[in-house]
Peer 1: 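Below you will find the structure I want to go over with you.
So you know, we letter chains A, B, ... as the sequences are listed, proteins then strands, and number each from 1.
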Number of protein chains: 2
Amino acid sequence: MKTTSEQHDGPAAGPGSGLGTRERIVRATARLMQRQGYEGTGIKQISKEAEATLGSVYHFFPGGKQELAAEAIRHGDREFAEMLHRALEGRPDPAEAVLAVAQDVAAGLRASDWLDGCPVTATSLGTATHAPDIQRAAAEAFERWRGLVRDKLLACGFSAQDARELAHTVINTLEGAELTAQVARDEEPLLIAGRHLARLIGSYR
Amino acid sequence: MKTTSEQHDGPAAGPGSGLGTRERIVRATARLMQRQGYEGTGIKQISKEAEATLGSVYHFFPGGKQELAAEAIRHGDREFAEMLHRALEGRPDPAEAVLAVAQDVAAGLRASDWLDGCPVTATSLGTATHAPDIQRAAAEAFERWRGLVRDKLLACGFSAQDARELAHTVINTLEGAELTAQVARDEEPLLIAGRHLARLIGSYR
DNA sequence: CGCTAGATAGAGCGTTCGTTCTAGAGAGGT
DNA sequence: ACCTCTCTAGAACGAACGCTCTATCTAGCG
């Protein structure tokens, strides 16, 4: 048997990578759904990509595809939240920080040949009618990201209301600009968004 | 030819509505893919919703699902472009016009119980790898919308570069805010977006 | 009436879907 | 040794998928 997972083999569990089976499944799900969406991604494709068998997938995620998708969204949530946190804490000026985030997102998108858009959006879109768990996970992700931006603005002396509302627009504009950049295969929308957001934030001083 | 059904049955062609078969199919496709996405929508479901048979669907759209989706995107494109055009030409101040558009979008989204997001985004997301026609139709839709905003700004005396860049952010921010509003089931993101966009436009005077 | 072309009708193709199920492998406890 | 529990393995199921196919219907024209 290739692996009996973390408990048994310790840190070096996975066939290809050094990750446990469960983690490999989550990452494969996140990656695939980011590119192909929820409906466009099959569980068998996930199990193949993760180098795990169907049995393992349903062992770790008895809730099936929906549970898998919700977990994948939380994975993408954490990943972007960390990137956002680093960018914000590393720069005293929030306007500059947002600009840097936009540039980072643009660079990542281009590096994937315009394939890796926002994993939360891609995974949750189209599931509104029949998968409330997924919708909730997506809503929580956006909320967390907004919270990071809001706290930064609060720490910089913005009023509670201004900080909250600006956080909304910062995240939403980045989201929309990433979508457009992806479909146009051009990073300019994101760079423009960064500059405009910096300007908008600056207009509150 | 688009349809001979009108010729045959006269103005009251469709079973349910007064539309020709082809038009009913396009509208059903647009409506369903707006809610369920490209992969989440089946051709048989479309034919049932449109009160047309499978044979008719493939008669009018021999390119199959992809052709159908591209046509549906163009339908959504035209629809929003008209709404945008009306909102822009009815108001002298572009900032006020954008605010009104945001409110309109919010009202529409709420009226559909948060189900009808942007049809272009919902239909095109996740098709990047295997359906360039769809991607192109989506890119053209965004481009047209930006063009309308840009022309309005130009007519109001903005510089060519400012108008072009502002048009990008107006459309992108509305797009992102609509996504967030949909997943949060709350129109506030769109209303905030409208106010911030008005402020951003105003900051160029 | 026959002829033609556009449009409708839906059975059926092969494939893939998400999921279930049984069987067995491997490590730990006693 | 044995049992137990976790995890791996993949065959198999019914349903749905996109699409093809043949057959039929209607309208217009001679």
Peer 1: Ignoring backbone atoms, test whether A:T21 places a side-chain nitrogen or oxygen under 4.0 Å from the OP1 or OP2 oxygen of D:dT8.
Peer 2: yes
Peer 1: Side chain of A:Y58: nearest nucleotide among D:dG18, C:dG18, D:dT8?
Peer 2: C:dG18
Peer 1: What is the nucleic acid contact for B:G64, judged by heavy atoms within less than 4.0 Å: base, sugar-phosphate only, or nothing?
Peer 2: sugar-phosphate
Peer 1: In this structure, how many angstroms lie between the P atom of D:dT20 and the NZ atom of B:K65, rounded?
Peer 2: 14 Å
Peer 1: According to the interplanar angle, ranging from 0 to 90°, do the rings of A:F158 and A:Y204 count as parallel (below 30°), tilted (30 to 60°) or perpendicular (above 60°)?
Peer 2: tilted
Peer 1: Output the single nucleotide from C:dT20, C:dT8, C:dG18 whose closest atom is nearest the side chain of A:L54.
Peer 2: C:dT20
Peer 1: Name the residue from B:E188, B:E178, B:E187 that meets the salt bridge (charged side-chain N to carboxylate O under 4.0 Å, His left out) definition with B:R110.
Peer 2: B:E187
Peer 1: Do we see a donor-acceptor contact under 3.5 Å between the side chains of A:Q161 and A:E165?
Peer 2: yes
Peer 1: Using whole Å, report how far CZ of A:F61 lies from P of D:dT8.
Peer 2: 11 Å
Peer 1: Between B:E175 and B:T121, does any side-chain donor sit less than 3.5 Å from a side-chain acceptor?
Peer 2: yes
Peer 1: Please tell me whether A:D186 and A:W114 have a donor and an acceptor in their side chains that are separated by less than 3.5 angstrom.
Peer 2: no
Peer 1: Could you state the atom-to-atom distance from CZ of A:R22 to P of D:dT6 in whole Å?
Peer 2: 15 Å
Peer 1: For D:dC7, does either OP1 or OP2 sit under 4.0 Å from a side-chain N or O belonging to A:T53?
Peer 2: no
Peer 1: Does the side chain of B:T129 come under 3.5 Å of the side chain of A:Q36 through a donor N or O and an acceptor N or O?
Peer 2: no
Peer 1: Without decimals, in angstroms, what is the distance between A:H59 NE2 and D:dC7 P?
Peer 2: 4 Å
Peer 1: When you measure from every atom of DNA chain D, which of residues 36-48 of chain B have a heavy atom less than 4.0 Å away?
Peer 2: B:T41, B:G42, B:I43, B:K44
Peer 1: In whole Å, I'd like the distance from the CG atom of A:L68 to the C1' atom of C:dT19.
Peer 2: 13 Å
